[in-house]
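Okay, so here's the structure we're looking at.
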Amino acid sequence: MRFFYMALYLVLAPFLGGLLAGLDRKLSARMQGRKGPPLFQPFYDLFKLFNKQAVVVNNVQDFLVVGFLIFIIFTGCLFFFGGDLLLVFFALTLAGIFYMMSACSANSPYSSMGAQRELMQMMAYEPMVLLVAIGFYVSTGSFSVSDIVRSEISNIAYLPGIFFGFLYILTIKLRKSPFDLSTSHHAHQEMVKGVTTEQSGGILALIELSHWYENVFLMGVVGLFIVNADWRSYLVALPVCFLTYFIEILVDNVFARVKWEVMLKSAWVVTLIAGVINLLILNLI
Amino acid sequence: MSSTSKSPWLLHYDGSSCNGCDIEVLACLTPVYDVERFGVINTGNPKHADIFLITGGINAQNEKVVRQIYDQMPKPKVVVAVGICACNGGIFKECYNILGGVDKVIPVDIYVPGCAARPEAIIDGVVQAVALLEKKRSKYKKEA
Ligand code: SF4
């Protein structure tokens, strides 16, 4: 059964992720009073990119991008397999490092600036990600996802602060405004496309694909807060995931990009207040 | 229609235009015209672009820049000259620093006339560019 979930993720995540991206663009357009592209637009983009010439900057970059994809898939597979949450998040960080390094490897000021900002973003969200794992451990006594989903009541009851903190850093992880510093889905940034400036054709397509896998995994983590031993909790988790994504899109369209100091400070303050206090209270009771 | 024609990404470069045409290009992205309906994205990055949209003529300074941007774009690619300045120099043709239209330095595929070119004309130009892109893609596939 666990292998079945893993296989399901492996096969379905690109479709789900692509649809989410399409929904994202459609909703964003609607919020801006436009009609927006078709729902399947991200898939057209992906196929087009695979059909384009990939201007190879250096061989290391291709290797690093493939590494990013593989480790993101590994992260998601491990998560849906019901593996150890700590290991899942470490794999996620490793994937992030690959992504950042791929930008670093190119000899372009824009992509190296993007890489630096990506590093800054990782610094901002990483403490909260760890707190999520610790929070689940304190509330359920296990790091293992398969144990967590079998808990009596939904973990969000114990971890509201940590859930909020995770939503906050989710904006960074999904590369949404106001925290889309390193690269942005929207046109024209002060440093071209940031991290992905030097990537083209099939390589860029692989990055898109990895992001789809990543987004589905992140929605899985959101769902993990909701699900419990009762199967009906899964029916609640799904709308919660969609609502979360909708809020992220709304936030994306409402806020302007902030400077990195604001991102770092606010993310850490939220981690400290929402996350740590939640943990303390949990330890006291 | 294949995926190429459904996802044309633009690169907009301002040569020595008076900014009239640029405003019309940007107008295409607004809710009134909304070119994103056709999957068009205005990327700021030559390495992601399929269509090179250029306004204004070529002058002594941007000649190298235009050529470099063109070279950086991955194949298949199409160049669209927007506005009469980009087509042949237009009103600035006689200026001492102007070399002429965009086709003085890079091969231009589609000419969109007008001063300023209207958003409808620009969108029409882009649609024709997309058809051409499709042709170039099959040729590129054969070569590869
Ligand atoms: S064609 Fe007219 S509007 Fe366009 S750049 Fe030239 S002078 Fe300006």
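Only a predicted model underlies this, so the values are computations on that prediction, with no experimental measurement involved. Letters A, B, ... mirror the listed sequences (proteins, then strands); counts begin at 1.
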Take atom [atom1] in [X]; do more than 12 heavy atoms of anything else shown fall under 6.0 Å from it?
X	atom1	value
Met6(A)	CE	yes
Phe98(A)	CZ	yes
Lys136(B)	NZ	yes
Phe38(B)	CZ	yes
Leu243(A)	CG	yes
Glu261(A)	CD	yes
Asp71(B)	CG	yes

Contact between Lys48(A) and Leu133(B) at the side-chain level, heavy atoms closer than 4.5 Å - yes or no?
no
So Glu198(A) and Lys47(B), do their side chains get closer than 4.5 Å, heavy atoms only?
yes
Okay, side chain of His48(B), backbone of Gln199(A): is any donor-acceptor separation there less than 3.5 Å?
yes
Taking Asp34(B) for the side chain and Lys35(A) for the main chain, is one N or O donor matched with an acceptor at less than 3.5 Å?
yes
Is it the case that the side chains of Asp45(A) and Ser7(B) hold a donor-acceptor pair, with the cut-off being a distance below 3.5 Å and no angle test?
yes
Portion of Leu49(A) that has a non-hydrogen atom of chain B nearer than 4.5 angstrom
side chain
Less than 4.5 Å to any heavy atom of chain B: does that hold for the side chain of Gln41(A), its backbone, both, or neither?
side chain
Quick one: does NZ or CZ of Lys52(A) land under 6.0 Å from the six-membered ring centre of Trp9(B), within 45 degrees of the ring axis?
no
Taking atom CD of Gln72(B) and atom OG of Ser200(A), what is their separation to the nearest 0.5 Å?
10.0 Å
Minimum heavy-atom distance between Gly39(B) and Arg25(A), given as atom pair plus value:
O-NH2, 4.5 Å
What are the two closest heavy atoms between Gln32(A) and Pro31(B), and how far apart are they?
O-CG, 3.5 Å
Check against side chain to side chain contact (heavy atoms under 4.5 Å, CB included), Arg34(A) and Arg37(B)
CA-CA 8 Å; Arg34(A) 294 185 290 115; Arg37(B) 277 178 300 156; over 6 Å; no
